[in-house]
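Here is how names work: the chains are called A, B, and so on, in the same order as the sequence lines, proteins then strands, and each is numbered from 1.
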Amino acid sequence: MKYWLMKSEPDAFSIDDLKSVKVEPWDGIRNYQARNMIRDEMQPGDLAFFYHSNTKVPGIVGLMEIASEPRFDHTAFDPAAKYFDPKSNPDKPRWYLVDVKYIRHTKRVITLSELKAEPALENLPLVRRGNRLSIMPVEKQAFEHILTMEERPAEA
DNA sequence: GCCAACGTTGGC
DNA sequence: GCCAACGTTGGC
């Protein structure tokens, strides 16, 4: 089983939104590196952190499970969709997605600044300079380390 | 809202 | 195939 971190802007789709719908196709990924990870490596049962980006306090806010095999992202075929890609079509699909299933909120927001301050997480792509991946792998040890951070009191 | 750091596009 | 211009991401 693999571990992931997936970013979403809470204004577009938040952990609360996921909680209310329970399962959601994680569409709109238009980056080849992220695409390849979805298509080639994600499997049902994998665990992922839900990360809120582009918000006042960016950080990890929840836990979810990969809930489907990778499949075509049909929003790429729809001219009316926000993430329409004219170069993707059902004969030559370019983009993929998986369903994600809500597990729980983290007990508190584990903020980006906290994550950056952890020597144990220095290899996490999220905290590396200039990284813009919206989906990234998390090593097992790092995943477990982050879960222990959840138990600490929130920073001041 | 600013802007650094990327990724993509397209002319050549 | 190079690379300048442009668009996007996302922290701050």
Flag for A:His74-A:Asp27: side-chain donor and acceptor within less than 3.5 Å: no

Test: A:Glu118 and A:Arg152 ion pair at under 4.0 Å: yes

With A:Ser14 via side chain to side chain donor-acceptor pair (under 3.5 Å) - residues at least two apart: A:Asp17

Difference in axis direction between the ends of the helix from B:dG1-C:dC12 to B:dC12-C:dG1, five pairs, 10°: 10°

Ring center gap for A:Trp95 and A:Phe77 short of 6.0 angstrom: no

Distance-only polar pair, side chains of A:Glu114 and A:Thr111, donor-acceptor under 3.5 Å: yes

From CA spacing to verdict: ring-ring contact (aromatic ring centres under 6.0 Å, His included), A:Tyr96, A:Trp26: CA-CA 9 Å; A:Tyr96 287 71; A:Trp26 197 270; over 10 Å; no

Exceeds 12 heavy-atom contacts within 6.0 angstrom, atom CD of A:Glu139: no

Test log, rule side-chain hydrogen bond (donor to acceptor under 3.5 Å, both in side chains), inputs A:Arg132 and A:Asn31: CA-CA 10 Å; A:Arg132 300 188 330 185; A:Asn31 168 283; over 6 Å; no

Partners meeting ring-ring contact (aromatic ring centres under 6.0 Å, His included) with A:Tyr3 (sequence neighbours left out): A:Phe143

Within residues 47-59 of chain A: residues closer than 4.0 Å to DNA chain C (heavy atoms): A:Tyr51, A:Ser53, A:Asn54, A:Pro58

Residue met sooner reading DNA chain B from 5', once A:Arg129 and A:Arg94 are mapped to nucleotides: A:Arg129

A:Tyr51: partners by ring-ring contact (aromatic ring centres under 6.0 Å, His included), with sequence neighbours left out: none

For chain A, the stretch of DNA chain C it reaches, first to last nucleotide, under 4.0 Å of its heavy atoms: C:dG7 to C:dC12

